[in-house]
Visitor: 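Below are the structure tokens for one structure; questions will follow.
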Amino acid sequence: MAKTTSKAPGRALEGVRVLITAGPTHEAIDPVRYIANASSGKMGYAIARACRDAGARVVLVSGPVAIPAPEGVELVRVVSAADMLEACEEAFPAVDAAILAAAVADFTPAHPKDRKIKKDEGGLAFVELKETADILETLSLEKGARVVVGFAAETNDLIPHAEEKLREKGCDLIVANDVSRADSTFGSDTDKVTFVAPDGVVALPLLGKDEVAERLVARLARLLAESPRE
Ligand code: CTP
């Protein structure tokens, strides 16, 4: 990998390969119904564009969103949490860093049906769920010298919850997002985030998602420069 120090201004990730996840996942109940969440994918796509503009080679693994594919980025479209894990496992060995901004479903139907459930069959009154694999935790366990960044979407106790995620998932940085604020929630164009890392906590002001992405690129470049690489 190219060294991450002494890059031209604005090209802080020249030669760096980055995996990014974005958007929600859809978990099938039957062929026409699914469990999802309100993630728009805007943050992950903004990060993908910012990494590309900083010179990185980007693989963007995206759940179902209504955002055009960014130019100059390898886009892998997935639907479910299981698909997202598979695509990430495939891309991860060849990257230097991963930024997991997707709002992955925590639960998925245990027994999805291959034909539409009729309401008089009663099968929709109780849908048995099982936990999905945690992609951030899985990749962090395999990370070696790679830098892995996760997100924490919280409505309360933002910093303690983010610190717990940093510790439990074993990543290098958590971008903690206060989604109780209307200007920092799923679908908004701004975010109020705090970088939570083992060496401390940095609260950013309310910024546009593109500006949050630029700050994250700068932070990632520093983390890569500090990480023990060949
Ligand atoms: N994440 C993941 N795989 C999952 C669930 C979450 O990779 N199955 C990642 C997200 O992409 C994000 C981070 O974990 O980077 C935290 O996601 P969040 O939804 O805030 O936390 P959870 O671990 O799901 O915990 P909880 O919902 O209890 O807050």
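Numbering of ligands and ligand atoms starts at 1, following listing order. Reckoned from all heavy atoms, side chains included, excluding hydrogens, waters and symmetry mates.
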Visitor: Give the atoms of ligand 1, by number and element, whose distance to some non-hydrogen atom of Thr132 is under 4.0 Å.
Guide: 8 (N)

Visitor: Kindly indicate whether atom 24 (O) of ligand 1 is approached by any protein heavy atom to under 4.0 angstrom.
Guide: yes

Visitor: Any non-hydrogen atom of Ala133 lying under 4.0 Å from ligand 1?
Guide: yes

Visitor: To which of Leu85, Val148, Asp134 does the heavy atom nearest atom 1 (N) of ligand 1 belong?
Guide: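 Residue with the shortest heavy-atom distance to the ligand atom: Asp134.
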
Visitor: Does a salt bridge link Asp172 with Arg222, judged by any charged N lying under 4.0 Å from a carboxylate O?
Guide: no

Visitor: Based purely on interatomic distance, does Phe151 place a nitrogen or oxygen under 3.5 Å from a nitrogen or oxygen of ligand 1?
Guide: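 Yes, at least one N or O pair falls under 3.5 Å.
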
Visitor: Could you tell me whether Glu90 atom CD has more than 12 heavy atoms of other residues or ligands within 6.0 Å of it?
Guide: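 No, because the 6.0 Å sphere around CD of Glu90 holds 12 heavy atoms or fewer from other groups.
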
Visitor: What do you reckon, does Ile135 have a nitrogen or oxygen under 3.5 Å from a nitrogen or oxygen of ligand 1?
Guide: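 Ile135 vs ligand 1: N/O contact under 3.5 Å present.
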
Visitor: Check this for me: Arg33, atom CZ, are more than 12 non-hydrogen atoms of other residues, nucleotides or ligands nearer than 6.0 Å?
Guide: yes

Visitor: Should we count CD of Glu86 as having more than 12 external heavy atoms under 6.0 Å?
Guide: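 No, because the 6.0 Å sphere around CD of Glu86 holds 12 heavy atoms or fewer from other groups.
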
Visitor: Can you list the atoms of ligand 1 that are under 4.0 Å from a heavy atom of Ala153?
Guide: 20 (O)

Visitor: I need the nearest protein heavy-atom contact for atom 15 (O) of ligand 1: residue, atom name and distance, please.
Guide: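 I find the closest protein heavy atom is Leu100 O, 2.6 Å.
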
Visitor: Just to check, does Thr21 reach to within less than 4.0 Å of ligand 1 when the distance is taken from its heavy atoms?
Guide: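 Checking ligand 1 against Thr21, which is what was asked, there is no heavy-atom contact under 4.0 Å.
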
Visitor: Does the pair Asp30/Lys116 count as a salt bridge with the N-to-O cut at 4.0 Å?
Guide: no

Visitor: Protein heavy-atom contact under 4.0 Å for atom 19 (O) of ligand 1?
Guide: no

Visitor: Where is the nearest protein heavy atom to atom 21 (O) of ligand 1: which residue, which atom, and how far?
Guide: Lys165 NZ, 2.9 Å

Visitor: In this structure, does ligand 1 have an atom that sits under 4.0 Å from one of the heavy atoms of Ala102?
Guide: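 It does; at least one heavy atom falls under 4.0 Å.
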
Visitor: Should we count CD of Glu121 as having more than 12 external heavy atoms under 6.0 Å?
Guide: yes

Visitor: Would you say Lys169 touches ligand 1, if touching means a heavy atom closer than 4.0 Å?
Guide: yes

Visitor: Who's the nearest protein heavy-atom neighbour of atom 5 (C) of ligand 1, and how far?
Guide: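 For atom 5 (C) of ligand 1, the nearest protein heavy atom comes out as Asp106 OD1, 3.4 Å.
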
Visitor: Run the numbers on Asp53 and Glu214 for side-chain contact (heavy atoms from CB on, under 4.5 Å), then give the verdict.
Guide: CA-CA 9 Å; Asp53 293 347; Glu214 279 170 25; over 6 Å; no

Visitor: Taking all non-hydrogen atoms of both residues, which atom of Ser39 and which atom of Ala103 are closest, and how far apart?
Guide: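 Residues Ser39 and Ala103, closest heavy atoms: CB-CB, 3.6 Å.
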
Visitor: For atom 9 (C) of ligand 1, find the nearest protein heavy atom and state the residue, atom name and distance (0.1 Å precision).
Guide: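 Here the nearest protein heavy atom works out to Leu136 CB, 3.9 Å.
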
Visitor: Hey, is ligand 1 close enough to Gly150 that some N/O pair sits below 3.5 Å?
Guide: no

Visitor: Looking only at distances, please establish whether an N/O atom of ligand 1 is found under 3.5 Å from an N/O atom of Ala152.
Guide: no

Visitor: Apply side-chain contact (heavy atoms from CB on, under 4.5 Å) to the pair Lys165 and Leu136, showing each step before the final yes or no.
Guide: CA-CA 10 Å; Lys165 279 178 189 167; Leu136 178 56; over 6 Å; no

Visitor: What closest approach, in Å, do Leu166 and Pro198 show between heavy atoms, and which atom pair accounts for it?
Guide: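 So the minimum-distance heavy-atom pair works out to CD2-N, 3.6 Å.
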
Visitor: Could you tell me if Arg146 sits above the aromatic ring of Phe92, with its cationic atom closer than 6.0 Å to the ring centre and no more than 45 degrees from the axis?
Guide: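 Relative to the ring axis of Phe92, which defines the angle, Arg146 lies inside both limits.
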
